Amino acid sequence: MNFSLARRVAAEAIGTALLLAAVVGSGIMGERLSGGNLAITLLANAVATGAALVALILTFGPISGAHFNPAVSLADASQGGLAWRDVPLYVLAQTCGAFAGVAAAHFMFGLPLFTASHHVRAGAAQTFSEFIATFGLLSVIWGCVRFRSQAVPIAVAAYITAAYWFTSSTSFANPAVTLARSMSDTFVGIRLADAPAFIVAQLGGAAVATILFRWLIPSLANDAGAVIMQHGDNNE
């Protein structure tokens, strides 16, 4: 089935909003129930995010590809999987959806819709963590979409769940998510002043992974239309 650009953009916005609601909401719930145990809070946050990713990719993937991430959309466009003319709308939808998801999570827990975060996430270690987190995410996507396309939803969710624990930044790996989380003064927040370095690292990680996999798999561009899932991308 083919889907119009309007439907694909709507799917990206709604999917990203639900993803952020899961990320922020589970962080708030984890903090409230863990009694100050940050390990339990992070575990709850990681598991909820991974579970939501599987469900959302399976739900919206056949419509828009379920990118939910400007870095993924840009990488996909660079290989011909997404038309460059569609990229601005995808990125706008993902960013607006991310902010809507933050607001929804805050409203569910009785918080102001937006509050500037004071959570410091600065320094070379955390910035490099974001490079690694996004490099790994795009590596998983490119490798799986070529050889195990049906496993992409599980693989992406599993990687992000793991990356919450093996990166010092807790794996944002997404420019839209990073910006939106700067407006959440909760467990998952990030100071707006720290966001630009994260975003640069994320885009760099996505670019390096894409270049590497284009070399590892010369036919990679043939599968770019299936990122993250095979989907209808023609106007009705």
Side-chain angles (χ1 to χ4, degrees), residues 3-28 45 48-49 52-53 55-78 81-109 111-117 119 121 130 134 137-138 141 156 160 171-186 188-203 206 227-229 231-233 235:
F3 294 95
S4 66
L5 178 59
R7 289 185 173 91
R8 289 186 283 127
V9 168
E12 285 295 300
I14 297 167
T16 310
L18 290 172
L19 175 60
L20 264 293
V23 171
V24 178
S26 63
I28 297 170
N45 196 206
T49 300
L53 267 173
L56 293 172
I57 292 172
L58 289 172
T59 299
F60 294 103
I63 302 171
S64 67
H67 294 181
F68 309 149
N69 186 334
V72 173
S73 296
L74 288 166
D76 194 28
S78 75
L82 178 67
W84 280 110
R85 66 178 180 275
D86 295 346
V87 171
L89 287 176
Y90 262 57
V91 172
L92 179 62
Q94 292 154 357
T95 304
C96 291
F99 278 93
V102 168
H106 286 178
F107 187 75
M108 287 191 289
F109 286 92
L111 300 175
L113 296 186
F114 298 109
T115 305
S117 177
H119 193 147
R121 298 182 189 267
E130 282 303 296
T134 317
L137 173 62
L138 268 294
I141 291 170
V156 167
I160 291 297
S171 184
F172 286 47
N174 184 325
V177 165
T178 302
L179 285 175
R181 285 168 64 168
S182 72
M183 290 292 104
S184 180
D185 198 20
T186 64
V188 303
I190 176 175
R191 289 189 312 174
L192 184 59
D194 300 330
F198 269 41
I199 292 170
V200 170
Q202 291 157 3
L203 295 176
V227 171
I228 289 178
M229 287 182 64
H231 53 284
D233 60 356
N235 291 330

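Not measured: the values here are computed from a predicted model. When a residue number appears, it is its place in the shown sequence, counting from 1.
Taking OG1 of Thr16 as the start and CG of Asn174 as the end, the distance is 7.5 Å to the nearest 0.5 Å. The CG atom of Leu89 sits 5.5 Å away from the CG atom of Leu5 when rounded to the nearest 0.5 Å.
Side-chain contact check for Met183 versus Leu113: every heavy-atom pair is 4.5 Å or farther apart. Two residues are said to be in side-chain contact when any heavy atoms from C-beta on lie closer than 4.5 Å; Phe99 and Thr95 meet this criterion.
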Audit row: Arg181, Leu20, side-chain contact (heavy atoms from CB on, under 4.5 Å) steps and yes/no: CA-CA 8 Å; Arg181 285 168 64 168; Leu20 264 293; 4.1 Å; yes
Phe60/Leu18 under side-chain contact (heavy atoms from CB on, under 4.5 Å): CA gap, chis, key distance, verdict: CA-CA 11 Å; Phe60 294 103; Leu18 290 172; 4.2 Å; yes
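Taking the six-membered ring wherever Trp is involved, the centroid distance between the rings of Tyr90 and His67 falls below 6.0 Å.
A side-chain donor from one of Ser64 and Glu12 sits under 3.5 Å from a side-chain acceptor of the other.
Considering only residues two or more places apart in sequence or on other chains, Thr186 meets the side chain to side chain donor-acceptor pair (under 3.5 Å) condition with Ser184. Partners of Ile199 by side-chain contact (heavy atoms from CB on, under 4.5 Å), not counting sequence neighbours, listed by chain and number: Pro175, Thr178, Leu179, Gln202, Leu203.
The two residues Glu130 and Thr134 make their nearest non-hydrogen contact at O-OG1, 2.8 Å. A pairwise comparison of heavy atoms in Arg8 and Ile63 identifies CG-O, 3.1 Å as the closest pair. When every heavy atom of Ile160 is checked against every heavy atom of Ser171, the shortest pair comes out as CD1-OG, 4.0 Å. Nearest heavy-atom pair, Phe172 versus Arg121, reported as atom, atom and distance to 0.1 Å: CZ-NE, 3.3 Å. When all heavy atoms of Ser26 and Thr49 are compared, the pair lying nearest together is OG-OG1, 4.5 Å. When all heavy atoms of Ala21 and Ala105 are compared, the pair lying nearest together is O-CB, 3.9 Å.
The main-chain N or O of Ala173 is found under 3.5 Å from a side-chain atom of Asn69 such that the two form a donor-acceptor pair. In terms of modelled atom types and a separation under 3.5 Å, the side chain of His119 and the main chain of Ile190 share no donor-acceptor contact. A distance-only check finds no donor-acceptor pair linking the side chain of Ser73 to the backbone of Pro70 [under 3.5 Å]. Using modelled atom types, one side-chain atom of Asn45 and one backbone atom of Val23 make a donor-acceptor pair closer than 3.5 Å.
Screening residues 188-201 for side chain to side chain donor-acceptor pair (under 3.5 Å), with sequence neighbours left out, gives Arg191-Asp194.
Of the residues Leu56, Ile14, Val24, the one that meets the side chain to side chain contact (heavy atoms under 4.5 Å, CB included) test with Leu19 is Leu56.
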